[in-house]
Amino acid sequence: MKKVLSVVVLLLVCAVTYAGGYRVSLQGQRGLAMGHTGVAMVNNAEIAFFNPGGLVHLEGKLNIAVGGFGVFSDVKFQNAEFGQTSQTESPTGTPLYLYASYNVSEKLAVGLAVYTPYGSTVEYPTDWSGSHLVNNIDLSAIFVQPLVSVKLLEDLSIGGGPILAIGGVNFNRNLTRNLTDIDGNRSNVTIDSQGLTAFGFSVGAMITPNDQWSFGVNYRSRIDIDVEQGDGDAVFSNVPNSPLAPIANGTYDFTATLPLPAEWTVGVSYKPSDKWTLNFDWNYAEWDAYEALDIMFLNTDGSLALESINPRNYKNASSYRLGAQFDVSSKFVLRGGAYFDESPVQDGFFAPETPRNDSYGFTGGFTYNVTDKLAIDASFLYLTFKEIDASYDSYVEGGERVPFGGTYKSSAFAPGLGLSYKL
Amino acid sequence: MKKYFNYIALPALALGLVACEPEFDNDITENQDFYTSGSADFSSYVSVGNSLTAGFADGALYITGQENSYPNIMAQQFALAGGGSFSQPLVSDNLGGLTLGGMQITENRFVLATDADGNPGPARLAGTPTTEVSNIVAGPFNNVGVPGAKSFHLVAPGYGNVAGVATGQANPYFARFASSANTTVMAEALAANPTFFSLWIGNNDILGFATSGGAGADQTGNPDATTYGPNDITDPTLFAGVYAQEVAALTSTGAKGALVNIPDVTSIPFFTTVPSQAIPLDEETAATLNASFAAYNTQVLPGLASFGVITAEEAAARQINFSAGSNFITIQDEDLTDISTMVQGAPFNLDPITAALLSQLRQTTNDDLVPLTTAGVLGTIDEAYVGFLVSQGVPVEQAGLLAINGVSRPLQDQFVLTTQEQALVTAAQTQYNATIQALADANGLAYVDARTALQNVANGGVAFSGGILSSQFVTGGAFSLDGVHPTPRGYAFTANAVINAINSTYGSTIPGVDIGGYASVTISNDVN
């Protein structure tokens, strides 16, 4: 027992935030503590995210889970050839979630899920050596999803519901590697657009053949967040006063599309004893939807003022997740987990705005049951990315490809706290 | 119950204790041995030189140019291996002009502006400069590059005396930061206690002669600098003496350093942009001109050759021929035999005006170099000459036709650097470089072959991440809009060349910079 605890503590010393691409795997304390598994495990209202097919299995009439995470992430960059170094300034993200479920009858449950499955916050020092690719970026998406879950057979249930995605982006980068105004201030652009909406859905199914085993599958559809003319502002600053400059200072409209890829998760949960539960989830994200981040800057009459073509060429990627739960007593439950998250970024497309490569996540946490109805859930995630020598080779200047790269190392740490309530 | 709280407290404690920063296996800033200084000590780097060292560009010294001076770029890299801070006597603005007693004494910088038709070209940035020469900035400075300085100026007392600026006895850039009226540039350099230095001086000892189209004198053989004009070539013996003195001073405290040699001034865009075949003519004009020079070509020149006044070779070189299309410029070449008196006698009997025209007349060849500044003169009317002709009784209309610069009116000495003048420049430069190399070898200092580096840029260019760095004016990326001084990218290229030489001499491992991250010419339409 003591040994288990010390391992958990070790795993928790630092925690992480992000999964491949701009996917955020922080959707519930209990699931996260178990390596962000849960497609086949009915634990609390978090199942609304992991597999709405399992909602109907929740005990009690009403189930609510709320919580949030503090995300502390760091990216270090160095290029030994030129002696360049940089480090992001740890911006703090705070993904939140709220899940609620109401059992209408033994065979029917309805619910609501609010969660933040996508996002990315990276802030480099302004005018760092990769500032022509990004100075800072803040991507966020909140999903709001009404749900219904039905028990079709004694051992088969399904569920799902439409998703309203509300997205926002704020992104600053310099126009080129060296364009400045007369005083040497780097020419840059900030694009900002908030409150964008789009629709999608998720569906899940759960099979519970006996008390020991359960199986789950969940699908979340692709959602394209489109920025259309009038949806946001692109502000160009410090551009020299010259017709030879690519664009003039000022505010422009822009269009862009950010795909939030579809993902599949299948998993199994096994209870070898009364006290233990073991989970394995396999998640497959269809990242090939993210071919490019192309931004078209428009004049007020809608004509093209400048275009920014940024190939991304992501590939589909898997993550493999393991989690364990140990019921220490009726009051106290311990959890731990780990996962391997395969990066969707391919060689030559390593853009510093999402400096993600293959990563290992280590998680842990606990639940303290304050009463039969109310529980406090806590979790930690430490995500460590392999050190990688990588470059982004598709930046074009004067008709020439200009690779930017070096050595990257990232890590992230996310402690979380939540409440679970059942009635 | 109590023991569970311990379980809760432990991770919370861990959270507080662990910084969670990612660590590189081999961090270039935290690993003290990643970049090494070898047998050099970069803790106090002092750079000595002229405009190139100061970061002069676009015809002026301005802040962003200074920030991109090659010594400042080098100092940033030195900092990776024990280098200290690097201070420069920054001017007050990015306009670049200087004032003395409130009066503007040097022009603002060039920027690349577009004209009404959208055609790009250099123009002076508009604005009132704020750098007042008599406002002395306090040093010591690590960068003691002084625009305009020649080799012997670095050891000349009073070169930074504000009182001497107006009379031309002192240098306004040095006056701005000279710690006393009688100090020398070398004394200011030593005041910064260099552990490492770079010395790049001597360019102006030939450059003034070259950019003036050879209007100065070659002072080879005359070691008395007090008798020199501003456009003269410095005596190589004088150069060797003062250069040795400077190296001795800089190394006197055990400092190591790098000596940079003198590039071919003739490969800079100032001399390679305007073609010697710069006169466009239509067929009719060419025929008219040819007709007017027919007697000169077929009678005068062969006649003079047959009399033995000029050689047959010179007679051939002096032939004037025009054709439809681009034509070579007509010039007055002081190295040709003056025939003006001779052709006024029999059998030619030419009038004095025609005789004066023909006195040392020839057309340029591809080997002559036309300074950038000559572009503004070609094809214009020499009004003074028109006035002279009219006073001699030539009708105004005809006088105008005879006064077209570079065509009917041969360009005077200062507008073309002829092959003979180039030879003088090259001869001096070769001797300077022999001195520099010998002193580098004798003192175990790094010898930087800037001449070869610049030749590589001029001959086809040098590849970098994002293109080719070449000497092409405006578009090549290496040279600023004065055609003489580098752009930030050109200075970054220079810094890499110096760093390479330092690394190979001292066994250091200072990294070069990515020159593609540095700007080329600056665009702006905020011009007069």
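Naming convention: chains lettered A, B, ... in sequence-line order (proteins, then strands); numbering from 1 in each chain.
- Between the CG atom of B:Asp58 and the CZ atom of B:Arg124 there is a distance of 9.5 Å, given to the nearest 0.5 Å.
- Inspection of the A:Asn135 and A:Thr126 side chains reveals no N or O donor paired with an N or O acceptor under 3.5 Å.
- Neither the backbone nor the side chain of B:Asp93 comes within contact range of chain A, judged by heavy atoms closer than 4.5 Å.
- If you measure heavy-atom distances from B:Phe464 to chain A, the contacts under 4.5 Å come from the side chain alone.
- Of the residues considered (A:Lys76, A:Arg401, A:His132), A:Lys76 shows the highest number of contacts with chain B, using heavy-atom pairs under 4.5 Å.
- Only the backbone of A:Tyr408 comes within less than 4.5 Å of a heavy atom in chain B; its side chain stays farther off.
- A:Arg186 and A:Thr176 form no side-chain donor-acceptor contact under 3.5 Å, judged by distance and modelled atom types alone.
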Derivation of the side chain to side chain contact (heavy atoms under 4.5 Å, CB included) call for B:Phe42 and B:Ser508: CA-CA 10 Å; B:Phe42 300 115; B:Ser508 50; 4.2 Å; yes
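- Looking only at heavy-atom pairs under 4.5 Å with chain A, the residue among B:Thr64, B:Asp25, B:Ile63 that has the most is B:Asp25.
- For B:Phe196 and B:Tyr506, the ring centers are positioned less than 6.0 Å apart.
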Evaluation steps, side chain to side chain contact (heavy atoms under 4.5 Å, CB included), between B:Ile499 and B:Gln77: CA-CA 9 Å; B:Ile499 287 170; B:Gln77 302 302 92; 4.1 Å; yes
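- Residue contact with chain B, scored on non-hydrogen atoms closer than 4.5 Å, involves the backbone of A:Ser410 exclusively.
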Chi angles and distances behind the side chain to side chain contact (heavy atoms under 4.5 Å, CB included) call for A:Ile388, A:Thr407: CA-CA 5 Å; A:Ile388 186 172; A:Thr407 308; over 6 Å; no
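- In this structure, chain A has heavy atoms under 4.5 Å from both the backbone and the side chain of B:Ser465.
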Full working for side chain to side chain contact (heavy atoms under 4.5 Å, CB included) between B:Leu61 and B:Gln66: CA-CA 7 Å; B:Leu61 190 68; B:Gln66 292 178 291; 3.6 Å; yes
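- For A:Gln78, the parts lying under 4.5 angstrom from a heavy atom of chain B are both the backbone and the side chain.
- Of the two parts of B:Ser524, the backbone and the side chain both hold a non-hydrogen atom closer than 4.5 Å to a non-hydrogen atom of chain A.
- Per-residue heavy-atom pair counts under 4.5 Å with chain B were compared for A:Gly83, A:Ala245, A:Gly398, A:Gly184, and the maximum is reached by A:Gly83.
- Per-residue counts of heavy-atom pairs under 4.5 Å with chain B were compared for A:Val402, A:Leu179, A:Val75, A:Thr180; the largest is that of A:Val402.
- Contact of B:Leu125 with chain A is made through the side chain alone, with heavy-atom distances under 4.5 Å.
- With a threshold of 4.5 angstrom between heavy atoms, A:Gln84 approaches chain B through its backbone and through its side chain.
- For B:Glu23, the parts sitting under 4.5 Å from any heavy atom of chain A are the backbone and the side chain alike.
- Rounding to the nearest 0.5 angstrom, the gap separating the OH atom in B:Tyr518 from the OH atom in B:Tyr491 is 14.0 Å.
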